[in-house]
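Per chain, numbering begins at 1; letters A, B, ... match sequence-line order.
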Amino acid sequence: MSRYNFKETEAKWQAIWQERRSFNVAVDRSRPKYYVLEMFPYPSGKLHVGHVRNYTMGDVVARYKRAQGFNVLHPMGWDAFGLPAENAAIASKVHPADWTYENIATMRGQLKRMGLTYDWERELATCHPGYYRHEQKMFIDFLAAGLAYRKESWVNWDPVDQTVLANEQVVDGRGWRTGALVEKRLLSQWFLRISDFAEDLRQALGDLDRWPERVRLMQENWIGRSEGARVFFPLVGQDEKLEVFTTRQDTLFGASFLAVAPNHPLAQRAAAGDPALAEFIAECNRMGTSEAVIEAAEKKGYDTGRRARHPFDPAIELPVYVANFVLMEYGTGAIFGCPAHDQRDLDFARKYGLKVVPVVLPKGVAPEDFTIGDTAYVEDGTLFNSRFLDGLGVAEAKRAAGERLEQLGAGQRSIIYRLRDWGVSRQRYWGCPIPVIHCAACGIVPVPDSALPVTLPDDVSFDTPGNPLALHPTWKHVDCPGCGGKAERETDTLDTFFESSWYFLRFCSPRSDKAFEPDEVAYWMPVDQYIGGVEHAVLHLLYSRFFMRALRQCGYLDVKEPFAGLFTQGMVCHQTYQDEDGNWLFPEEVTLQDPDGIPRDARGRPVTTGRLEKMSKSKKNVVGLDGIVEEYGADTARLYLLSDSPPERDLEWTDEGIEGIWRYVNRLWRMITEPALPLPPPGSAILDELSPAARAARHAIHRTIATVGDDLDKFRFNRGVARIRELTNLLEALDDKQAGTGAVLREGFETAVRLFGPMMPHLGEELWHRLGHATLLADQPWPKADPDLTVEDSATIAVQVNGKLRGTMTLPRDAEAAAAEAEALALPAVQRLLEGRAARKIIIVPNRIINVVV
RNA sequence: GCGGGCGUGGCGGAAUUGGCAGACGCACUGGAUUUAGGUUCCAGCGACCUCGGUCGUGGGGGUUCAAAUCCCCCCGCCCGCACCA
């Protein structure tokens, strides 16, 4: 019995594709284009099977669209700047560049063995000056357009490493690597004005109809639009006003206090003369920002002693507190508290003995019966205790209060967004240098075009904590391009999300002297199908959307949305294992040993099997790609990744699963290379007179073509695989010796091979070749279903009595209703239940079901 | 707390979108082949059963000739956001 030799076969066809440049593409305006892209990887080391699921999906789409006649752009590159390279440098004294390029070489080789249709001539690595020089230019253009700016902001500062940490890198208030207590520091950082585009970014989500609903919702929540009003509260005894944002200007008459964030300028000034307040603020700043800390933290306030006047009545004076729950980053960093109609304000008021004045009355409740206990009333109702607002509903009162504020010059209606400007400064080495120079005389001076790119120095040391660029003896010292005097380079580098925000544009013309060629971008963009993990739902996907708008504003291009279609795939999971000491074990370190079947480690000690989790290095529940490709080949791995679960759901990788696919691959191989009937030569005509089995097979073939195409269009790969397997099951049983059956078998095999082609391209090519074709399967058009053959000539109709199935009958397709009815009534089971009575009603759904109601 | 999703055999999942629940597969069981294991082939595989049926898609109710699918209530799990003014 023959076995499929995947090793030889896969290498052979990969060489042929490469030699024929099958997947290298160029602009071709005579054909419709299709841009398929999978989120490019960070070159972290080696790929495991979990990494290649989305590349496989993308490849199926690319090959399928190619067969449909599209000019398909399907590129691959490396998101190559980032912290792990620097950590490797610190840990094992390798240069980040060497570490990165070595990983790229390894991973490129792994991807090539998967037989993916990438145009490798378009490969790019973001850490290459040929790539990042263009984003330095973009940054300078953003600066000129006012889209990039420098601002003091409060950041997480690790005092040991001397660097800013992202929120994710702060664990329980301590730096993730040093364990040092993280401080909040006011630092000057570069920001991009993403908030300028908040409304457009939010509204345009509505047009992204090929994006998952959940991603659009996540972005919408992240942008977070609030409609309300800014209200100015004059401070008593000072020629100054405190500006507050609220969505509940209707409840202004219920105000009983104002509160500002600990880092609000007013708080800072008040603290100057009040050591106790200064200590309170310091305490707030020490508090972590993690969820757990916030959850546990008590709502605390400190009365500054200052008073502010009510905008509608100067006679009303309100105390101004500093409160730990007010965020400097949201709104104006100051709020007014209306305890009766906001739970948090109510808790605060009860704690500090502030008055609680209800101003919204629930429907059907008399004012004298309405009191606020421990629960604030936040529903709709009628305004009372509110002078000119009395009697209005909440929505009307918001409008009326807003108008009055504007008339009085005491405020204005406005919309604010949760979205904050994107801080892009990082005190890191392995990133793109920010191309500006700080000059004592000229201020901030952009690096002139002629001096781009600003490249990273190679001779850096990671021995001292802090930013290696800032510590470098010479790199930062330059002459000012403006005045020629002594000046210093910016030593911060750009957030690595900067690189991934435009790489899809660079793929359109990767070797251009410009960032990209506008006409090539105009041809290829937008990406028609983007595929990646949902973890980038807001970060990368939002930044990229912003970037397109920013580039458009700077005249680079005229496309607004980068990704017309988005698919977020599920994770690949695997069982986890731990030994007696709680150490994680790799799957290959665990064996099921007889006689008891208890899993054991290499030393024979029992192993605890943990829960299914996403494959990750830290839990060691990874299955290496090289081992799988070595043992089963790329096609078997690809088919498994596609067939076992719906693509948007998690997939459990198991030995049994991959084994099952491997058995099927061999069965298919034998079925076609050792057919049960002699096959006529390619292109042989199919007879009109066929055996019933052969005729049924033809129907199945064409129905499969129709449904698999539909499945691929809708990303239902698992279903498509099931359909093709159904077809091959049927073909395997087709062995009648009647003339013409062989030709049908050939049609069936060719169809199965062509439908499987995008999923198992090497096996597809080999079988196509063995079926006697000199052409490449990769160059074949997608098969077309014959509409006459996609419908059966007969229909199996279910017969129900009172909605319960009592039998089935097979009738010619579209049989007369009367004939169908008669046949149904004649069924013995139906006769028995009728007991001689006539049916009260008979419902007939043609070709499907007959329900006899008694 | 707010927002979203999901719940179907031992497991992954199908179900022409209201019309034969469990396609396709994994695991398992029996048989054949094999010196044996593996492979391969055949058969079985939701539960109960008096073999005629009865029940069955998280639970309860409803609409309908007909519900996994639509409506209402409840339970459970997952994800996102969250001191958001």
For [N] and [X] - does any side-chain N or O of the residue sit under 4.0 Å from the phosphate oxygens OP1/OP2?
X: R418(A); N: A82(B); result: yes
X: R344(A); N: C84(B); result: yes
X: R649(A); N: G13(B); result: yes
X: K300(A); N: C83(B); result: no

Rounded interatomic separation in angstrom, taking [atom1] from [X] and [atom2] from [N]:
X: I415(A); N: A85(B); atom1: CD1; atom2: P; result: 14 Å
X: I223(A); N: C81(B); atom1: CD1; atom2: C1'; result: 14 Å
X: Q219(A); N: C79(B); atom1: CD; atom2: P; result: 21 Å
X: F336(A); N: C84(B); atom1: CZ; atom2: C1'; result: 15 Å
X: D347(A); N: A85(B); atom1: CG; atom2: C1'; result: 15 Å
X: L217(A); N: G5(B); atom1: CG; atom2: P; result: 8 Å
X: R848(A); N: C65(B); atom1: CZ; atom2: C1'; result: 16 Å
X: E329(A); N: A82(B); atom1: CD; atom2: P; result: 12 Å

What integer number of Å spans the [atom1] atoms of [N] and [M]?
N: C78(B); M: A27(B); atom1: C1'; result: 26 Å
N: G61(B); M: U50(B); atom1: P; result: 28 Å
N: C26(B); M: C74(B); atom1: C1'; result: 35 Å
N: G9(B); M: G19(B); atom1: C1'; result: 23 Å
N: U57(B); M: G7(B); atom1: P; result: 14 Å
N: U16(B); M: A68(B); atom1: P; result: 12 Å
N: G56(B); M: A47(B); atom1: P; result: 16 Å
N: C45(B); M: U35(B); atom1: C1'; result: 31 Å

Between [X] and [Y], how do the two ring planes meet: parallel, tilted or perpendicular, split at 30° and 60°?
X: H540(A); Y: H536(A); answer: perpendicular
X: Y321(A); Y: Y352(A); answer: tilted
X: W662(A); Y: Y4(A); answer: tilted
X: F336(A); Y: F233(A); answer: tilted

Closest to the [X] side chain, choosing from [options]:
X: L805(A); options: C83(B), G19(B), A21(B); value: A21(B)
X: P646(A); options: A14(B), G80(B), C65(B); value: A14(B)
X: S645(A); options: G13(B), C55(B), C41(B); value: G13(B)
X: R214(A); options: C55(B), C79(B), C20(B); value: C79(B)

Under-4.0 Å salt bridge between [X] and [Y]:
X: E792(A); Y: R703(A); value: yes
X: K351(A); Y: D347(A); value: no
X: E220(A); Y: R225(A); value: no

Q) Looking just at side-chain N and O atoms, do D421(A) and S195(A) make a donor-acceptor pair shorter than 3.5 Å? A)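 The answer is yes; a qualifying pair exists.
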
Check if the side chain of N221(A) and the base of C81(B) share a donor-acceptor pair of N or O atoms closer than 3.5 Å.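 No pair found.
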
Symbol by symbol from the 5' end, with Watson-Crick or G-U pairs under 3.5 Å, [ ] crossing and | another strand, RNA chain B is (((((((..(((......[....))).(((((.......))))).(((....)))..(((((..]....))))))))))))....

- [ ] Could you tell me whether R725(A) sits above the aromatic face of Y664(A), with NZ or CZ closer than 6.0 angstrom to the six-membered ring centre and within 45 degrees of the axis?
- [x]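 Satisfied, under 6.0 Å and within 45°.
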
By the 4.0 Å heavy-atom rule, please label [X] as base, sugar-phosphate, or nothing.
X: I416(A); result: nothing
X: S226(A); result: sugar-phosphate
X: I843(A); result: base
X: T796(A); result: base
X: V853(A); result: sugar-phosphate
X: R832(A); result: sugar-phosphate

I would like to know whether D814(A) and N847(A) meet side-chain contact (heavy atoms from CB on, under 4.5 Å); could you show each step before the answer?
-> CA-CA 6 Å; D814(A) 300 324; N847(A) 301 319; 2.8 Å; yes

Sequence neighbours excluded, the answer for side-chain hydrogen bond (donor to acceptor under 3.5 Å, both in side chains) partners of K841(A) is none

query: Closer to the 5' end of RNA chain B via nearest nucleotide, is it E648(A) or V852(A)?
result: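 Upstream on the strand: E648(A).
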
Starting from the 5' end of RNA chain B, give me the residue, R716(A) or K841(A), whose nearest nucleotide shows up first.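 On the 5' side of the pair lies R716(A).
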
Could you go through nucleotides 23-27 of chain B and list every protein N or O atom that sits under 3.5 Å from one of its N or O atoms, giving the distance for each pair?
unit_1, atom_1, unit_2, atom_2, d
A23(B), O2', E726(A), OE2, 3.0
G25(B), OP1, N729(A), ND2, 3.1
A27(B), OP2, R663(A), NH2, 3.2

Notebook entry, point to check: What's the base orientation of G9(B): syn (chi within 90° of 0) or anti?
Noted result: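 That one's syn.
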
Tell me if U64(B) is syn or anti. Syn = glycosidic torsion within 90° of 0, anti otherwise.
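Anti for U64(B); the angle lies over 90° from 0.
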
When V799(A), V852(A), I850(A) are each screened for side chain to side chain contact (heavy atoms under 4.5 Å, CB included) with L825(A), the one that passes is V852(A)

> Is a side-chain N or O of N666(A) found less than 3.5 angstrom from the main chain of R3(A), in a donor-acceptor match?
Replying inline: no

